[in-house]
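First the structure, in the form of structure tokens, and then the observations on it.
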Amino acid sequence: MSNPSSGQVLSRAEYEEAVQTARAASGLYYGTGTAADAVLDEGADVVVLDDATYDQVVRDIAATEAEHPDWAVAASPAQVVGGDAGDVEHSAPMLSLDNVFSAEELAEWNASLGKRLGHSPRYVVEPKLDGLALAARYQNGLLTQLITRGDGVHGEDVTFAAGAIIGLPQELTQPLTLEVRGEVMLTDEQFTAANELRLANGDKPFVNPRNGVAGTLRGSKDRSYVIPMTFFAYQVLNLPDTYPGPQPDADSDYSASIALLGELGVSTAATSPAQIAVVDTVEAAQEYIDALLARRADLGFGIDGAVIKADSPADRALAGSSSRAPRWGIAFKFPADSRLTTLEEVIWQVGRTGVITPRARVTPVFVGGTTVTYATLHNPNDLARQGLMLGDTVMVLRAGEVIPRIEGAVVSARTGNEIPIEAPQVCPNCGSEIDRSQERWRCTRGRKCALPQSIKYAVARDCWDIESVGEKLVRQLVDTGLVTDVADIFTLTGEQLLELDRMGQTSVAKALGEIEKAKSQPLARTLTALGVRGTGRSMSRRIARYFATMDAIQAADAAAFEAVDGIGPEKAPVIVEELVELAPVIAKLRQAGVSMTEPGATGLQPAAEGEPDTGERLPLTGENGKPMSVVVTGKMTGPLAALSRNEMNELIERAGGKSSGSVSKNTGLLVAADEGSSKYTKAQDLGIPIETPEQFAERLEGLLPS
Ligand code: IVH
């Protein structure tokens, strides 16, 4: 794969082909469609471009034109803003932005702008919102017209959509005459709701949120239902004199005009969850960008980068613009988090708790920094909702560290050879009936269906740590009926074990010894071993520490669970339901003498915001009384050498901290085995304390596992 940051110089034939491809795609990209919609019929092959591929094609064109200026075609896609013109003239051209792809490229751009201006400018840094550009005209405070970008000079009138756009009020709080420009998007929630609405009305679902905006603006005139969208502004313009009425100050800083828009009732990037930053240096801009990238998956809407813009109108005027893009601003593009590929197969999996989930196998595709071959499909009803077929061109989304998932199919790319996906009639694991009463299908045998997997999980090192119960023994225990749930492990007798294949006196004694030891594992381990749906290792630890005893956990209702960090209104009732289902197993564990308490936890509720904290100070309690965020990198040495990642996490949490995977300005401490890593450099840059594994072990003396 070519480096996305620099275009490749193409041969003449390749160049001409690239121009054709970009043109065909860009009408949809910049107009009311998207590149993902662009289906180019090249003989028998159907080519569909995702946005990352489109960007790359344009960069290749630019690189080629730089090398061979005489090849450049008129109105090349690298020079002009593409797209189909509508019939409304823009009050000023709607420009695009040039892109950078790395901190180095941003620093270079900053240096060249600084040179042009003769000083280093103050910047505003914002999210680069992944929707469609829209101009909204207000006259005397009333919303009068909505126009798409079109070719940048003329756009299409889409005023009919005005009532459906959150963030663009029908009336401003002051009777001003102005034009607001920004991005109209579907938030993640709006996207899901939109596809449900479409399917309920017999329409095809959208492939991704951006495509959804395009489709909504294109078709909503004659649709019987309304798809709500969201707008965030990034520009305000005075309108020509033909629009009477008071005007906002044309000479105000960008940050001030954004604040004014907020006061007028218009949503802006500053009022969005992403927020904006006003900074004096490119380094500070880069910090905002890094932090924004880390939060990308949690924003609730799509962004494809950050935008860095000079704040002062004088700087902007001095820098000027090319025909395509301003010189006072630049887009810092994030790695593509969605790509198009082909859905090859749907595999039905049965989890430890008997839940049956479809999993997609796709043609391998590089997305979000890794090659993706498998992606989640949520649940069977989602599959039906999305209307997917085998062979479909699908959008794979991988945001942050999140498991890749299929967003939707490009229905327009179908060839007629796609095959419907068949849902299983019976449990694919054991052939029993399927309980379809809930969103998530489940084998009617529940946990018993995948009992060997449940047992293997429960005896693993992270749970009860009963090493001598290996795979073959688990199989025998289940097949002979000696173990019918995870609690039965604790009532196994020497005689029973001696009856089994390859079990002599020594191995039996070893197994019984480990089982005995497992009885005193902390509650968090036992809770993990139970495999409560909706919880994993770290969530089980949080629950155990919060409630301190199994009695308290079993007595808790959904509202009580919601007080635990990371448990929301969706998860809480599932956990309660699971604990009811597991009550007989828990009773057996208790009977067998398995510990039901969490050492060190007092069951004291953590201080609510505004209340005095309990004053309890552990080695990793932050100065604000909250858990310190600790990042661990490299192979541990000294007293920590033998600890697994999970045991390190346990240790950090036992010491009052919380572990995190990436360094940000919120990191309290980095534990680094060596100095070479990028985390080390980043922590140094941010001035975050760094300790060696030995220093860290010393700090946590007394808390280390024996
Ligand atoms: S400023 C004169 N700010 O990205 C240029 N654009 O790739 C004004 N976009 O055309 C654009 N978020 O449609 C700006 N915070 C933001 C943006 C943003 C998304 C879009 C916009 C622009 C395109 C360029």
Side-chain angles (χ1 to χ4, degrees), residues 22 25-26 29-35 51-52 54-56 58-59 62 77-78 80-83 90-101 109 113 123-136 146-153 155 167 179-186 209-210 213-214 217 230-237 254-255 257-258 261-262 266-278 285 288-289 292 296 299 301-311 313 315-317 319-334 336:
S26 69
Y29 188 94
Y30 282 109
T32 48
T34 78
D51 297 335
Y54 176 83
D55 275 354
Q56 187 59 50
V58 172
R59 281 181 86 80
V80 299
V81 179
H90 282 300
S91 51
M94 260 179 121
L95 299 181
S96 187
L97 288 167
D98 285 331
N99 298 327
V100 292
F101 292 86
W109 173 81
L113 179 60
Y123 292 118
V124 174
V125 211
E126 295 179 342
K128 185 167 188 314
L129 307 155
D130 196 8
L132 291 187
L134 203 63
L146 290 182
I147 313 147
T148 64
R149 177 213 297 274
D151 66 358
V153 179
E179 179 171 310
V180 175
R181 290 179 179 180
E183 207 82 351
V184 60
M185 313 195 295
L186 282 172
R210 177 123 82 93
V213 173
L217 287 179
T230 297
F231 179 87
F232 294 115
Y234 50 65
Q235 203 175 2
V236 56
L237 299 167
Y254 173 65
S255 48
S257 62
I258 282 294
L261 283 180
V266 178
S267 293
T268 68
T271 60
S272 82
Q275 299 177 321
I276 67 168
V278 183
Y288 168 91
I289 294 169
L292 183 66
R296 184 182 195 177
L299 295 175
F301 55 82
I303 61 171
D304 57 346
V307 183
I308 303 96
K309 330 171 162 175
D311 193 18
D315 285 351
R316 289 188 177 205
S321 300
S322 74
S323 64
R324 191 189 120 88
R327 285 189 208 91
W328 44 256
I330 195 92
F332 186 107
K333 293 279 276 212
F334 290 158

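Each ligand, and each atom within it, is numbered from 1 in the order the structure gives. The model shown is predicted, which means the values in this text are computed figures rather than measured ones.
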**Q.** Option set Glu126, Arg324, Gln235, criterion heavy-atom distance to atom 8 (C) of ligand 1, minimum
**A.**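 Residue with the shortest heavy-atom distance to the ligand atom: Gln235.
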
### Message
Please compare Asn99, Leu129, Ile308 and report which has the shortest non-hydrogen distance to atom 12 (N) of ligand 1.
### Response
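Nearest option to atom 12 (N) of ligand 1, by heavy atoms: Leu129.
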
Shortest non-hydrogen contact from Leu292 to Pro127?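 Shortest heavy-atom contact: CD2-CA, 3.8 Å.
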
Q) Should Arg149 be listed as contacting ligand 1, given a heavy-atom distance under 4.0 Å as the test? A)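 Heavy atoms of Arg149 do come under 4.0 Å of ligand 1.
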
Please determine whether any non-hydrogen atom of Ser96 lies less than 4.0 Å from an atom of ligand 1.
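Right, Ser96 reaches ligand 1.
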
Practice item. Please determine which of Trp109, Tyr288, Phe332 meets the ring pair (Phe, Tyr, Trp, His ring centres under 6.0 Å) test together with Tyr123. Key: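 Among Trp109, Tyr288, Phe332, the one meeting ring pair (Phe, Tyr, Trp, His ring centres under 6.0 Å) with Tyr123 is Trp109.
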
N/O of [X] under 3.5 Å from N/O of ligand 1, yes or no?
X      : value
Pro127 : yes
Leu95  : yes
Lys309 : yes

Taking the cut-offs as 6.0 angstrom to the six-membered ring centre and 45 degrees off its axis, would you call Arg316 and Tyr254 a cation-pi pair?
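Relative to the ring axis of Tyr254, which defines the angle, Arg316 lies inside both limits.
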
Between [atom1] on residue [X] and [atom2] on residue [Y], distance to nearest 0.5 Å:
X      : Y      : atom1 : atom2 : result
Gln235 : Lys309 : CD    : NZ    : 7.0 Å
Thr268 : Ile276 : OG1   : CD1   : 6.5 Å
Ile258 : Phe232 : CD1   : CZ    : 12.0 Å

Short N-O contact, Arg327 and Asp98, less than 4.0 angstrom:
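No salt bridge links Arg327 with Asp98.
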
Below 4.0 Å, non-hydrogen atoms only: which portion of Lys128 touches ligand 1? Side chain, backbone, both or neither.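 Looking at Lys128 and ligand 1, atoms from backbone and side chain both fall under 4.0 Å.
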
### Query
Which is it for Val307 and ligand 1 at heavy atoms under 4.0 Å: side chain, backbone, both or neither?
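Just the side chain.
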
With heavy-atom distances below 4.0 Å as the criterion, list the atoms of ligand 1 near Pro326.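 With Pro326 as reference, the close atoms of ligand 1 come out as 2 (C).
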
Practice item. May I ask you to list the atoms of ligand 1 that are less than 4.0 angstrom from any heavy atom of Ala133? Key: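 Those of ligand 1 that fall under 4.0 Å from Ala133 are 13 (O).
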
Keeping the roles fixed (side chain from Arg149, backbone from Leu95), state whether a donor-acceptor pair exists under 3.5 Å.
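Confirmed, Arg149 side chain pairs with Leu95 backbone.
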
